[in-house]
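First the proteins, then the strands, lettered A, B, ... as listed; each starts at 1. These values consider heavy atoms only, across backbone and side chains, with no hydrogens, waters or symmetry-generated copies.
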Number of protein chains: 2
Amino acid sequence: MKKTSINDIARHLGVSKTLVSFVLNGRAKEFRIGDDIAARVLEVAREMNYQPNRIAQGLRTGKTKTIGLIIADIANPFFGKLGREIEQEAALHDYHVIFCSSDENPEKSRAQIAMLQQSQVDGYIISPPINSEEQIRLLAKGRIPFVLIDRYFPEIESDYIVVDNYDAAYKATSHLLAQGRRRIANITMNLNLVNMNERTEGYKQALLGHSIAVDENLIKVLPFSHDNKDVTKAIQELLGSTDGRKADAILFSTSKIGVMGIECISALGLKIPDDVAVVSFDNADAYKICVSPVTVVGQPLQEIGKTAVQIIMDKIEHPRNPARFQHIKLNTELIVRKSCGS
Amino acid sequence: MKKTSINDIARHLGVSKTLVSFVLNGRAKEFRIGDDIAARVLEVAREMNYQPNRIAQGLRTGKTKTIGLIIADIANPFFGKLGREIEQEAALHDYHVIFCSSDENPEKSRAQIAMLQQSQVDGYIISPPINSEEQIRLLAKGRIPFVLIDRYFPEIESDYIVVDNYDAAYKATSHLLAQGRRRIANITMNLNLVNMNERTEGYKQALLGHSIAVDENLIKVLPFSHDNKDVTKAIQELLGSTDGRKADAILFSTSKIGVMGIECISALGLKIPDDVAVVSFDNADAYKICVSPVTVVGQPLQEIGKTAVQIIMDKIEHPRNPARFQHIKLNTELIVRKSCGS
DNA sequence: TAAATTAGCTAAATCGATTTAGTAATAAAT
DNA sequence: ATTTATTACTAAATCGATTTAGCTAATTTA
C-alpha cells in the first residue's frame, strides 16, 4: 500500500500534475483551472487519501516547516514547560519542532546545530550554553532565523527573549530582607551564564541598597554539571556548624539547585522558615507541596515561548535585510508562600 | 552565502557529482574511485564546509532519520524524562525526534500522526490516548514502524513496552497494608486506559488477597482532563468529614494527581503519614522534598525509552514480513520513604 | 475578417541528493 | 593480435513536489 502522490491523482484523472498541484494549493482560480475539474481533483485526492509529502515540498520550496529547539534538558520541568509552549504555538503556524537537550554542553549544542542545519530547519530557538558564542555567530552569518531564550550573548547581535533577572533577584532578596533576614546566602551556578550573573548582581545590589555588605562567603557558585554532592557541600558550609549558622536565608538561582538544596536542609534536620528562609527561581511543582511551600520567582513561560515562535515566524515570512533585532526583557512575578516566615 | 551542494564540489573539481556522492558516502573503494581524487573530494568538502542536505537525501532514499514521539504532555516530568531518554538513544543512531503533546486528546493525536506521516518520519513512538485505536490500526496497515509505550491496546497487534502495572499497584497496596492501613483509597483517572485499569485491578486484588473487601466508595476516578478542583473534591470526600475519616491511606495512580492531592491534604491541615498514608506512582522530584517524602512506584524510564528506540531502529533496518511483535513488560520498584509511617 | 485577448491546460526545469547502467581506456589473458 | 577483464569514471533517471514558460482553442476587439 504505497502512498498516493500527486502523480497518481494526475494519472487517475488524465490531467497534468501541474494542474493537480495548482488545485491542491488552492490556486485553482489564480491559474484559471475549470471549476469542474478542480472539484474532481479535490474529490479524488480525498478518495485516495492523498497526504502531501513534506520532504518533497521542502526540497522544492526550501521550507521544511520545522523549527529546531535547543535547551539544556527537556526532562527539567522548566524547559519542559517552555518546550510545551513552543510546541503549541508552532503548531498554530503548522510547524513542528525538533527537541534537542544540550546538557549545557557547547560541544553537544554544536553537533545539534549542525544536525539541524542538515535537516534544513527553517529556524532555531536556542538557550545557548556558555562557550557557544562561536556557533551562534556562525548561525547569524548563515542568515537562518534564530532567537535566543533564557540567556543571550551581549557581544552578539541577535534577537533574544529573557526575563529581567536582575530585577527578579532584587525583588526576591528584598523580600527576604523585609522578613528580617540579614545573612542572606545565594547558591547559583556558573556565573559566566549572563542570566545567572544578573541574578547574583540583583542579589548583591539589593543587599547594598539596604546597607548590608556583600559577604562573598555567602555566595556559593556550583560547578557546571552540579549534582547532589555539590549542593550538600554548599549547604553544609552555610548551615552546618552547630554554633551560630552563617546564613539565615538562601536565594537559590535555579529550581534544580533549590530542590536539591531543600532536600539537604531537611536532611540536616533544619526547619524552613524557622531555621532558614528560602526563595528560589522557577515555580517548580515541588515547591507547592514542600514542607513549607516555597516562595518563588515565577517566569512568564507562556509569553517567552509564544514570543519566541512569533519572532521566528516573522523572520521566516519576512526576511529583512538588514535585520533588525528584537531584545525582549519580560517581567517576573514573586509568588509569596511560606518559606520566608509570615 | 548559499549552502554548498554536492554539485558545487563536483564543479569545483571538474568531476561528476556521482563520484562525489560515492566518496562522501564512504563507498569510494566499492566503486573503484582513485585514491587521489577521493582524497581531494574529502578535502574540498571540508574546505567548502559541505553539509549534506538531509531533505534531499530523504526524498531519494525514503529515510528521514527522524522519529515522531507522541506523548500526553512534554511538560509533565514523567514524559519529560521519558522523552529525554528517547532523544538520547535516538541520537546514538543519528536520528532526531519530533515531540508532540496530545493532551490525551485523540483528535490531537490523529492530527499529529497525520502531520508526522506527511513529514515522512521513519517511525513512531506513541503513548496512545483512549479512543485512538482506529488511528493506530491505520498506522499498522501503513507498514510504518511504531511502538506503543506506557499503554497499549490489547485488541491491536503491535509492539509495546509497558510496566507491570498490576504488580506495581499490588506491591504498593500491600506495603500500605503492612503498615497497618485498612481503609485504603485509590485516586486514578479514566479507567479506559489499560495502564490505569491495571493499576486499580492490582490495588483491588491486593486488598482481596488480605481479606479486605473492596469499597467502591474509596475508588475515585477523575475525569479525563482533571484539574485541581476534581482532585480537591475527591480528597474532600475521602478525608473531609471531621468525625471518622473514610480513608486512612491513598494510592495515587499518577504523580500529577498525587502532587495536587498532597497539596489538598496539606490545605485541609492533615498530616502525612499520621492522618493519612500516601503512595504514588512515578518518582517525581516533588515527592523527595515533600512534607514527609512520599513512597513511590518508580518506573524504569531509561529502559523504556532505550528499548522503544531500539525496537524502532530494528524495524527500520530490518523490515520483517510478516512482522513479529514484541510485548515487553518491565518491572517497577517500590521506593519506600516516609509517607506511610515507619 | 484579421488581430488580440482570454481561458484552460501542460511540458519541462528545478530542488539536492542516490543509484543504475553504462562508457572509455588500460591491462591481462588467450 | 584479439578477446576479456579491470579500472576509473559519468550520464541520466529518480524521489515528489513547485513553478515558469508556453501552447491551443475559443472568444473578443478592431
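- If you check every strand for non-hydrogen atoms under 4.0 Å, S21(B) touches a base.
- A salt bridge is absent between D159(B) and R324(B): the closest approach of a Lys/Arg side-chain nitrogen to an acidic carboxylate oxygen does not fall below 4.0 angstrom.
- Contact annotation: R54(B) does not reach the phosphate of dG16(C) (side-chain N/O to OP1 or OP2, under 4.0 Å).
- The aromatic rings of F31(B) and F22(B) sit parallel to each other, their planes meeting at less than 30°, with 60° as the upper class boundary.
- Not one side-chain nitrogen or oxygen of S5(B) sits closer than 4.0 Å to the OP1 or OP2 atom of dG16(C).
- Between K29(B) atom NZ and dT6(D) atom P the separation is 17 Å, expressed in whole Å.
- Between T61(A) and dC15(C), a side-chain N or O to OP1/OP2 separation shorter than 4.0 Å is absent.
- In summary, the side chains of N190(B) and N192(B) do present a donor paired with an acceptor at a separation below 3.5 Å, with no hydrogens or angles considered.
- Of the residues near DNA chain D, L59(B) and G14(B), the one whose nearest nucleotide (by heavy atom distance) lies more toward the 5' end is G14(B).
- Between the P atom of dT6(C) and the CD atom of E30(A) lies a distance of 17 Å, rounded to the nearest Å.
- In the set dA11(D), dA17(D), dT19(C), dA11(D) carries the atom at the smallest distance from any side-chain atom of S16(B).
- With hydrogens and angles left out, the side-chain atoms of R54(B) and T64(B) include no donor and acceptor closer than 3.5 Å.
- Judged by atom type and distance alone, T18(A) reaches the base of dT19(D) through a side-chain donor-acceptor pair under 3.5 Å.
- Comparing R60(B) and Q57(A) by the nucleotide of DNA chain D whose heavy atom lies nearest to each, the residue mapping closer to the 5' end is R60(B).
- Closest to the side chain of A56(A), from the set dA17(D), dT20(C), dA7(C), is dA17(D).
- Using a 4.0 Å heavy-atom criterion, one finds that I37(B) contacts the sugar-phosphate atoms exclusively.
- Between N25(A) and the phosphate of dT18(D), there is a side-chain N or O to OP1/OP2 separation shorter than 4.0 Å.
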